[in-house]
Amino acid sequence: MQLTGLISLAVSADLPEGYDEGEAAYAYFSYDALLDLNDEDNIIVFITDTLDGEYMKLALREYPEMYEMLDGFTYYSNYVSEFRQTFPAVTTMLTGHYYDYGAGLTFTEYWNEAWAQRTPIDILREHGYSTNLYLDRLSTYNNMNQIRDKTDNIAFAGSLRVDFQNMITTVSRLTLGRLSPYFLKELFLSKIDSSFANNMFYLDIDAYPDYSRPIVSWTYDLEFYHYIKNNAVTVKSEKKVFNLIHLNFAHETNLRYDTDNETVINDDGNAYITATVRGGFEIINAYMGKMKELSVYDNSVVIIVSDHGRDHGDDGRSISTLLIKPRNSRGVMQEDSKTQLSGKYFPASLLDAAGILHHDFGISYFDIIEGKVKSPPRYFYLQNDYFFERFGTEMGNLFATYLIPDDASDLDNWRLVGD
């Protein structure tokens, strides 16, 4: 009875989250753009969701081979994001436009406002870069029209179809999870995440592996990994290239690195966090390995940055992760625990990495790393939790503001300066 009602609803209801009305209903991010790099100049950014600084240190301790895998990188362990959640962290990082907690803006109103700005991405495009964004629609934008002039990797499918097999599987798991005793609920519900409604639909695409899901999840990470592993990267792009890939990474522990088979697998949510972090870096390494095969690794800037960490205690404070590989940098990964960096400096850093004047967006990572300026005071903004299902009308509330001291890893030294 549930399935009959659900199928009837599916064919008559509005499109699920992640798909738009009209022409944009069949828009999707194409993976194909990731495979075409420039032989002289590339900037590659991986947003590693929820990669907490403490988890990064634990993973390095358990998997020391990561020091050589992260060839030419410096790990800046005294790095903090500005926000506790992906909203508004990633949109702010890409646009330089902040969510005004006192203005009463819905998430949609903020996204419309932020993406309408002249962003660092627009400036990269003005300077001859092809820009390709792989973003999460639940937390960084909610309509393709907001970003269609910012990115070159949007493609269009023929139609949107109901995936009856996934629908039956999902409904069965939800039903069994609801009816089963408490100690069995995890067995049926562990595979269901915030994107479950999208899995009931699929875009009718001729080259389906080319399709990047609109909602970042562990499924997205695994599909991205297999796509990169199974396809050749080229250096045919006549334009310089900027690619930004938002990975689920440490947000959930469904993925892990299988040491015996040297691959990334789905572990049904039972993996330890260190194995999940190791699996996430193996996904990134698959892409960087293709870059090395084509001899474009050296002339590329690669940035791996977490949008936020995980809660340490009950107050929401967390440290994050930043790794940077400048051009022509090789060798075992180095660690820098002294340089005080913040997510606030990301917009200017994109332009600085491209050799473009960036001071309209403030100071960059490189300004501080190279000693051109001292790190200003760093702040961390703690907002309320929110429900993705309501992101069209929900508003964010600022709970607290923290001033972060020299050593961000010592949370006892963080000073509460506002609420």
Point to revise | Geometric cation-pi criterion Arg317 and Tyr402, 6.0 Å radius, 45° cone | key: yes
Check your understanding: Is it true that Glu54 and Arg310 make a salt bridge, defined as a side-chain N closer than 4.0 Å to a carboxylate O?
Key -> no
Review point. Does a side-chain N-to-carboxylate-O contact under 4.0 Å join Arg330 and Asp298?
Key: yes
Under 3.5 Å, is there a donor-acceptor pair linking the side chains of [X] and [Y]?
{"X": "Thr95", "Y": "Gln117", "answer": "no"}
{"X": "Glu62", "Y": "Tyr272", "answer": "no"}
{"X": "His308", "Y": "Asp52", "answer": "no"}
{"X": "Thr234", "Y": "Asp36", "answer": "yes"}
{"X": "Thr74", "Y": "Asp336", "answer": "no"}
{"X": "Thr263", "Y": "Tyr225", "answer": "yes"}

Point to revise | With Leu244, the side chain to side chain contact (heavy atoms under 4.5 Å, CB included) member among Asn132, Leu94, Ile44 | key: Leu94
Practice item. Pick out which of Val277, Ile283, Thr219 makes a side chain to side chain contact (heavy atoms under 4.5 Å, CB included) with Leu255. Key: Ile283
Nearest heavy-atom pair of [X] and [Y]: which atoms, and what distance?
{"X": "Asp149", "Y": "Arg125", "answer": "O-NE, 3.3 Å"}
{"X": "Gly343", "Y": "Glu82", "answer": "C-OE1, 4.1 Å"}
{"X": "Arg327", "Y": "Asp41", "answer": "NH2-OD1, 2.6 Å"}
{"X": "Gln383", "Y": "Pro88", "answer": "OE1-CD, 3.2 Å"}
{"X": "Pro376", "Y": "Ile363", "answer": "CD-CD1, 3.4 Å"}
{"X": "Met66", "Y": "Ala59", "answer": "SD-O, 3.9 Å"}

Pairwise side-chain contact, [X] with [Y], heavy-atom cut-off 4.5 Å (strictly under):
{"X": "Asp406", "Y": "Gln340", "value": "yes"}
{"X": "Asp152", "Y": "Thr131", "value": "yes"}
{"X": "Val233", "Y": "Leu34", "value": "no"}
{"X": "Asp360", "Y": "Ile123", "value": "no"}
{"X": "Leu138", "Y": "Thr86", "value": "no"}
{"X": "His251", "Y": "Leu51", "value": "no"}
{"X": "Asn142", "Y": "Phe107", "value": "no"}
{"X": "Tyr129", "Y": "Ile43", "value": "yes"}

From [X] atom [atom1] to [Y] atom [atom2], the distance as rounded to the nearest 0.5 Å:
{"X": "Arg137", "Y": "Trp111", "atom1": "CZ", "atom2": "CH2", "answer": "8.5 Å"}
{"X": "Ile356", "Y": "Leu124", "atom1": "CD1", "atom2": "CG", "answer": "5.0 Å"}
{"X": "Tyr297", "Y": "Met291", "atom1": "OH", "atom2": "CE", "answer": "7.5 Å"}
{"X": "Phe242", "Y": "Asn38", "atom1": "CZ", "atom2": "CG", "answer": "15.0 Å"}
{"X": "Lys338", "Y": "Asp407", "atom1": "NZ", "atom2": "CG", "answer": "7.5 Å"}
{"X": "Leu341", "Y": "Leu322", "atom1": "CG", "atom2": "CG", "answer": "6.0 Å"}

Are the side chain of [X] and the backbone N or O of [Y] linked by a donor-acceptor pair below 3.5 Å?
{"X": "Asp352", "Y": "Ala348", "value": "no"}
{"X": "Ser300", "Y": "Val302", "value": "no"}
{"X": "Glu238", "Y": "Lys236", "value": "no"}
{"X": "Ser349", "Y": "Tyr365", "value": "yes"}
{"X": "Lys290", "Y": "Ile228", "value": "yes"}
{"X": "Thr48", "Y": "Val305", "value": "yes"}
{"X": "Tyr134", "Y": "Val216", "value": "no"}
{"X": "Asp39", "Y": "Val235", "value": "no"}
{"X": "Thr140", "Y": "Asp136", "value": "yes"}

Check your understanding: Only one of Lys240, Lys239, Arg118 forms a salt bridge (Lys or Arg N to Asp or Glu O under 4.0 Å) with Glu126, so which one is it?
Key -> Arg118
Exercise for review: Assess whether side chain to side chain contact (heavy atoms under 4.5 Å, CB included) is satisfied between Phe366 and Ile324, documenting all intermediate values.
Suggested key: CA-CA 10 Å; Phe366 308 102; Ile324 301 176; 3.9 Å; yes
Practice item. Mind telling me whether Phe46 and Tyr287 have parallel, tilted or perpendicular rings, with 30° and 60° as the class edges? Key: perpendicular
Determine whether the aromatic ring centres of [X] and [Y] lie less than 6.0 Å apart.
{"X": "Trp414", "Y": "Phe380", "result": "yes"}
{"X": "Tyr31", "Y": "Tyr227", "result": "yes"}
{"X": "Phe87", "Y": "Tyr99", "result": "yes"}

Practice item. Decide side chain to side chain contact (heavy atoms under 4.5 Å, CB included) for His246 and Asp307; before the verdict, give the C-alpha distance in whole Å, the side-chain angles of both, and the deciding distance to 0.1 Å. Key: CA-CA 9 Å; His246 187 169; Asp307 53 350; 4.1 Å; yes
Counting neighbours of [atom1] on [X] that are heavy atoms of other residues, nucleotides or ligands and sit closer than 6.0 Å, is the number greater than 12?
{"X": "Lys229", "atom1": "NZ", "value": "no"}
{"X": "Lys344", "atom1": "NZ", "value": "no"}
{"X": "Glu40", "atom1": "CD", "value": "no"}

Practice item. Sequence neighbours left out, what pairs pass ring pair (Phe, Tyr, Trp, His ring centres under 6.0 Å) with at least one residue falling in residues 59-86? Key: Phe83-Tyr381
Point to revise | Option from Ser320, Ser318, Ser306, Ser342 for which side chain to side chain donor-acceptor pair (under 3.5 Å) with Ser81 holds | key: Ser320
**Study point:** Criterion side chain to side chain contact (heavy atoms under 4.5 Å, CB included) on Tyr379 and Leu403, from CA distance to verdict
**Key:** CA-CA 5 Å; Tyr379 292 90; Leu403 176 64; 3.7 Å; yes
Exercise for review: Any chance you could lay out the side chain to side chain contact (heavy atoms under 4.5 Å, CB included) test for Asn42 and Val296, step after step, and finish with the verdict?
Suggested key: CA-CA 8 Å; Asn42 304 283; Val296 296; 4.1 Å; yes
